[in-house]
Amino acid sequence: WFLMGWAGFRYRKKSDLLPRQVRYNLPIEVLYTVVPFVIIAVLFFYTTVSQNFVNELTDEDEGGADVNIGIVGFQWNWTFNYLDEGVGVTGQTTQPAVMVLPTDRTIRFTETSPDVIHAWWVPEFLFKRDVIPGRENTFEITIKKEGEYIGRCAEFCGEKHSAMNFVVRVVSPEEYDAYIDELQANPANAIGSGLGTGQVVKPGTEDNSADDEHGSDS
Ligand SMILES: [Cu+2]
């Protein structure tokens, strides 16, 4: 306020003489055209490089990813389908969906939504991807570290948006194969998730604070 008043007073009209005119200063105009352009070009370059890195998929000709997971986000929960194995789990309000994944295998996710936009988010993976109706979003990760990670819906999607939690349980490849076998042998257990009732950890109730390392790359 003081500076505004001071500028108004200091530079008030004192005579009918025009002050010095500074239009058409070519060097300055070139400067403030070129400098922002260079800044944007540099940012654009690094954005493209890291976007390509994050979105990179293994070549389909070379067999594609080791594991293919279909993520369906709907109002208001998640279905996780193990596409190659023909089994899937669906979360319920009282029993969040558990996604069991193996370490050291490339995992490709394909996301779809039958209703509105959701977002699959696992904070500890430092990764989040929108689930958009009418299109398939794909991404790939390889997880290095076993553990249990909490996931959430990160796009406000209606009344029970805050209930759209899920669990990502990362196990060794052998345990993963055993889990899939069990799921295939007993699809009734698939409802909910973690094989049989009572085994499911409710998001937000266990202590993950000891894990400060991030379990995924790419
Ligand atoms: Cu949602």
Side-chain angles (χ1 to χ4, degrees), residues 50-51 54-57 65 67-102 106-143 145 147-171 176 179-180 183 187-209 211 214-218:
S50 34
Q51 259 183 359
V54 168
N55 289 331
E56 197 180 8
L57 302 176
V67 177
N68 287 284
I69 307 269
I71 296 175
V72 183
F74 60 93
Q75 286 172 315
W76 286 279
N77 225 307
W78 301 92
T79 292
F80 300 140
N81 292 315
Y82 300 86
L83 299 175
D84 302 327
E85 292 83 2
V87 283
V89 302
T90 298
Q92 294 169 337
T93 318
T94 51
Q95 222 182 4
V98 174
M99 179 191 280
V100 176
L101 299 174
T106 55
I107 306 161
R108 178 177 302 186
F109 299 88
T110 306
E111 299 179 321
T112 52
S113 163
D115 40 51
V116 301
I117 301 179
H118 305 271
W120 190 90
W121 181 36
V122 180
E124 281 166 287
F125 289 0
L126 300 179
F127 194 89
K128 169 162 64 179
R129 178 65 44 98
D130 278 3
V131 182
I132 297 174
R135 60 177 288 175
E136 290 188 350
N137 277 350
T138 51
F139 62 94
E140 265 182 31
I141 58 175
T142 306
I143 304 170
K145 200 179 129 198
E148 193 147 287
Y149 308 95
I150 300 303
R152 303 183 189 285
C153 180
E155 185 71 52
F156 181 66
C157 57
E159 189 191 346
K160 297 197 179 72
H161 161 69
S162 62
M164 281 185 68
N165 299 324
F166 56 92
V167 177
V168 175
R169 185 177 296 156
V170 183
V171 298
Y176 170 78
Y179 172 85
I180 293 295
L183 211 54
N189 278 342
I191 300 163
S193 45
L195 288 179
T197 49
Q199 296 183 24
V200 181
V201 182
K202 250 194 155 182
T205 55
E206 89 270 52
D207 181 21
N208 270 343
S209 55
D211 296 338
H214 300 295
S216 85
D217 65 0
S218 92

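Positions are given from 1, in the same order as the sequence printed here. Counting starts at 1 for both ligands and their atoms, following the listed order. Below, all heavy atoms of this structure are taken into account, side chains as well, without hydrogens, waters or symmetry copies.
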Do any N or O atoms from the side chain of [X] and from the backbone of [Y] form a donor-acceptor pair under 3.5 angstrom?
{"X": "N137", "Y": "E111", "value": "no"}
{"X": "Y82", "Y": "V100", "value": "yes"}
{"X": "H161", "Y": "E155", "value": "yes"}

Margin query: Checking side-chain contact (heavy atoms from CB on, under 4.5 Å) between T138 and each of I71, T110, N55, which is the one that passes?
Written below: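 The residue from I71, T110, N55 that satisfies side-chain contact (heavy atoms from CB on, under 4.5 Å) with T138 turns out to be T110.
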
Note to self: Just to be sure I understand the site: which N, O or S atoms from the protein are less than 2.8 Å away from the Cu ion (ligand 1)?
What the structure shows: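 Less than 2.8 Å away from the Cu ion (ligand 1) sit H118 ND1, C153 SG, C157 SG, M164 SD.
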
Next item on the list: Could you tell me whether W76 atom CH2 has more than 12 heavy atoms of other residues or ligands within 6.0 Å of it?
Entry: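 Yes, CH2 of W76 has more than 12 neighbouring heavy atoms, counting only those of other groups under 6.0 Å.
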
Note to self: Below 30° counts as parallel, above 60° as perpendicular, anything between as tilted: where do the rings of F166 and F80 land?
What the structure shows: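 Perpendicular, since the angle between the ring planes exceeds 60°.
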
